[in-house]
Amino acid sequence: MNFVILAAGQGKRMQSDLPKVLHPLAGRPLLAHVLDTARSAAATLGRPADLVVVVGHAGERVADAFAGHDGVRFVTQQPQLGTGHAVLQAAPLLNDAEPTLVLYGDVPLVRAETLVALVDARRRRGRGAQCTRCRSDRLRAHRA
């Protein structure tokens, strides 16, 4: 199962020199949580996880932080021309016979169960693409 994890952002609003996906949550980088979730979803579906992380800003720092993590490959998006362009950078590394999930490297709270349900819904409906979203009553607090 292909996972494209978008991690090229600068994180300007974080007011830090640390790449956004390397900021810690519960003692681990945000990206580590996303990688674990992807691996767990793939395992639940009985597939190996092929993890492609798209980096840009401080990409070497991100890749160095995850050196030695099995099954993680990095591709650089240069120049950074948006989300679709980022996914295109990963495309040559993807297995066309497997589903592809696109995740954000700075959104660590997506659960593996949600990803499994998304893949199952796509399979049941016979669609080539499937999207999910989050609904929150606290949306305004997140935009502050």
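Throughout, residue positions are numbered sequentially from 1 according to the sequence presented. The analysis underlying the following values was restricted to heavy atoms, covering all of them including side chains, and did not include hydrogens, waters or symmetry mates. Given the structure is predicted, the values throughout are model-derived calculations rather than measurements.
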Any side-chain heavy-atom pair from [X] and [Y] closer than 4.5 angstrom?
X      : Y     : value
Leu101 : Val4  : no
Phe66  : Leu22 : yes
Val72  : Val53 : yes

Once salt bridge (charged side-chain N to carboxylate O under 4.0 Å, His left out) is applied, do any residues pair with Arg61, and if so which ones, sequence neighbours excluded?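 Residues passing salt bridge (charged side-chain N to carboxylate O under 4.0 Å, His left out) with Arg61: none at all.
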Not counting sequence neighbours, which residues clear salt bridge (charged side-chain N to carboxylate O under 4.0 Å, His left out) with Glu60? List them please.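 Partners of Glu60 by the salt bridge (charged side-chain N to carboxylate O under 4.0 Å, His left out) criterion come out as none, since no residue qualifies.
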Heavy-atom closest pair, residues Tyr104 and Ile5: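 For Tyr104 and Ile5, the tightest heavy-atom pair comes out as C-CG2, 4.3 Å.
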Once salt bridge (Lys or Arg N to Asp or Glu O under 4.0 Å) is applied, what residue pairs with a partner in residues 71-87 remain, sequence neighbours excluded?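 Matches after skipping sequence neighbours: Asp50-Arg73.
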Does anything in residues 83-100 pair up under salt bridge (Lys or Arg N to Asp or Glu O under 4.0 Å), and if so which pairs, sequence neighbours excluded?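 Found Arg47-Glu98.
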Can I get a per-line list of side-chain donor-acceptor pairs under 3.5 Å for residues 30-43, giving both atom names and the distance, sequence neighbours left out?
residue: His33; atom: NE2; partner: Leu25; partner atom: O; Å: 2.7
residue: Asp36; atom: OD2; partner: Arg28; partner atom: NH1; Å: 3.1
residue: Asp36; atom: OD2; partner: Arg28; partner atom: NH2; Å: 2.5
residue: Thr37; atom: OG1; partner: His33; partner atom: O; Å: 3.0
residue: Arg39; atom: NH2; partner: Asp70; partner atom: O; Å: 3.0

ILVMFWY cluster, Leu18 and Val107 together (side-chain gap under 4.5 Å):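 Hydrophobic grouping puts Leu18 with Val107.
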Answer with yes or no whether the hydrophobic clustering places Val102 together with Leu94; edges join I, L, V, M, F, W, Y residues whose side-chain heavy atoms lie under 4.5 Å apart.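 In one cluster with Val102: Leu94, yes.
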Run the side chain to side chain contact (heavy atoms under 4.5 Å, CB included) test on Val75 and Val55 for me, step by step, so that the C-alpha distance in whole Å, both residues' side-chain angles and the decisive distance to 0.1 Å come before the verdict. CA-CA 6 Å; Val75 63; Val55 295; over 6 Å; no
Name the residue from Thr100, Leu51, Val119 that meets the side-chain contact (heavy atoms from CB on, under 4.5 Å) definition with Met1.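 Considering Thr100, Leu51, Val119, a side-chain contact (heavy atoms from CB on, under 4.5 Å) with Met1 is found only for Val119.
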Under the side chain to side chain donor-acceptor pair (under 3.5 Å) test, which residues partner Asp120, sequence neighbours left out?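 Residues passing side chain to side chain donor-acceptor pair (under 3.5 Å) with Asp120: Arg123.
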Can you sort out the partners of His69 under side chain to side chain donor-acceptor pair (under 3.5 Å), two or more places apart, ordered by chain and number?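 His69 satisfies side chain to side chain donor-acceptor pair (under 3.5 Å) with no other residue.
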First locate atom CG of Asn95, then atom CG of Asn2, and finally report the distance between them rounded to the nearest 0.5 Å.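 Answer rounded to 0.5 Å: 5.5 Å.
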Working to the nearest 0.5 Å, report the span between CG of Leu109 and OG1 of Thr114.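 That separation rounds to 10.5 Å.
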Can you list everything that forms a side chain to side chain contact (heavy atoms under 4.5 Å, CB included) with Gln77? Sequence neighbours excluded, please.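 Gln77 satisfies side chain to side chain contact (heavy atoms under 4.5 Å, CB included) with Ala8, Val54, Gln80, His85, Ala86, Gln89 only.
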